[in-house]
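Residue numbering restarts at 1 for every chain, and letters A, B, ... go by the order of the sequence lines.
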There are 2 protein chains.
Amino acid sequence: MSASTKLSTSVKALSYLAATHPTTHNSANIAEQIGVNASKLRRLMSMLTKNDIVKSTQGISGGFLLNKHPKDLHLQEIYCAIEDRKAFHLDVNKKSGKGKNINVTFNEYFLNLFSDIQVDIENKMKKINLLSIMKQTGIKSNYK
Amino acid sequence: MSASTKLSTSVKALSYLAATHPTTHNSANIAEQIGVNASKLRRLMSMLTKNDIVKSTQGISGGFLLNKHPKDLHLQEIYCAIEDRKAFHLDVNKKSGKGKNINVTFNEYFLNLFSDIQVDIENKMKKINLLSIMKQTGIKSNYK
DNA sequence: TTTATTTGTTACAGTAAGTGTAACAAATAC
DNA sequence: GTATTTGTTACACTTACTGTAACAAATAAA
């Protein structure tokens, strides 16, 4: 699952929770709604739980609850919760041939550039919260 | 080879050509300099050739020549030459479960968002030309 | 014309990574 | 105590990536 697929899948699940708040939904229920394997979804949800974005309870009638108001939950926060490796898989060729120093310098340059790009992306995601996404996709939040 | 590795490898090769212009270098020579397999490099260079970024000649004493002044060659142009698929591998889960329409709407939203991000990245790359990279990495261009 | 060399492209085996599903321990409401 | 649910691990299967080799087409030089 790519970082972008994880992100969109998570947002689908989270907005389902927001739209039906404060009803608890289990992984099978959510997975069925958004068309993804329940086990796979649980792996995503457990990361969201560890970052206090959702609250989970085990056992009979257990499941997931959104733990933040949709207007206070932005994309970057979700992205960081589900993706530990930095950046969108941006890397350079670490090997260097004859021009060793030059290659090292180039690698530094590009890692810095890719890092800048990553910052830009995260800044963009910081400006987008779950409520605004739900509005744009026509889903009614059940929060007041 | 990821898009980012291709990009940095290409730039290393191109700045080597710029630094030694108008000397012709073959793939073995360039590959040795930057520490990459010659056959692999040729695959990159052939794409740069098709986009008129370098000029190639076959046969004895053949090889590659930079075909643009470093100040007129920007990163986005190089990126487009070597990478046909759009975006940094950003995608969504196309499958949709019970909430079919909602999932389709979400997918559209995220594909638009990722497309915006792609545009931002390309705009950033348009502002960076080969000459400025060479200056920052301390490589002297052999162009006047 | 012949020969040596180089690009451009394809092929391929070996490796690594991603995918989907199942299975099960730990937790917990009933 | 029992049924159910999360959280995690495992695993077979597929897909993608990697590095290298091989060779046809092109072409400069002899």
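At C:dT7, none of the side-chain N or O atoms of B:Lys50 fall inside 4.0 Å of OP1 or OP2 (strictly under the cut-off). One finds no side-chain N or O of B:Ser56 lying less than 4.0 angstrom from the OP1 or OP2 phosphate oxygen of C:dT7. A sub-4.0 Å separation between OP1 or OP2 of D:dT27 and a side-chain N or O of B:Ser61 is absent. A close approach under 4.0 Å does not occur between any side-chain nitrogen or oxygen of A:Ser39 and OP1 or OP2 of C:dA22.
Criterion: ILVMFWY side-chain heavy atoms under 4.5 Å apart, direct or through other members. Under it, B:Met45 and B:Leu65 are not part of a common hydrophobic cluster.
Following rounding to the nearest Å, A:His25 (NE2) and D:dT5 (C1') show an atom-to-atom distance of 15 Å. Look at CG on A:Asn26: it is 18 Å from P on D:dA3, rounded to the nearest Å. Whole-Å rounding puts the B:Met47 CE to C:dT7 P distance at 15 Å. In this structure, A:Arg43 places its CZ atom 15 Å from P of C:dA23, rounding to the nearest Å. Distance, B:Lys55 NZ to D:dA26 C1': 16 Å, rounded to whole Å. Rounded to an integer number of Å, the gap from CG of A:Leu44 to C1' of C:dG18 is 14 Å. Atom CG in B:Asn67 sits about 16 Å away from atom C1' in C:dT7, given to the nearest Å. Rounding to whole angstrom units, CG of residue A:Asn51 and C1' of D:dG7 are separated by 15 Å.
Note on ring orientation: taking the six-membered ring where Trp is involved, the planes of B:Phe106 and B:Phe110 are parallel (angle under 30°, cut-offs 30° and 60°). Note: B:His25 and B:Tyr16 have tilted aromatic rings, judged against thresholds of 30 and 60 degrees for the angle between ring planes.
Side-chain atoms of A:Lys12 and B:Asn107 include a donor-acceptor pair closer than 3.5 Å.
For A:Ile60, the side-chain atoms get nearest to C:dC30 when compared with the rest of D:dT18, C:dG8, C:dC30.
Among the atoms of the strands shown, base atoms are found under 4.0 Å from some heavy atom of A:Asn37.
Each of A:Gly62 and B:Gly63 was assigned the nucleotide of DNA chain C with the nearest heavy atom; the assignment lying further toward the 5' end belongs to B:Gly63. Mapping B:Thr57 and A:Gly59 onto DNA chain D by nearest heavy atom places A:Gly59 at the nucleotide closer to the 5' end.
Dense packing is recorded around NZ of A:Lys124, with more than 12 heavy atoms of other residues, nucleotides or ligands lying under 6.0 Å away.
Between the side chain of A:Arg42 and the base of D:dT9, no donor-acceptor pair of N or O atoms lies under 3.5 Å. With hydrogens and angles left out, the side chain of B:Gln58 and the base of C:dT6 share no donor-acceptor pair within 3.5 Å.
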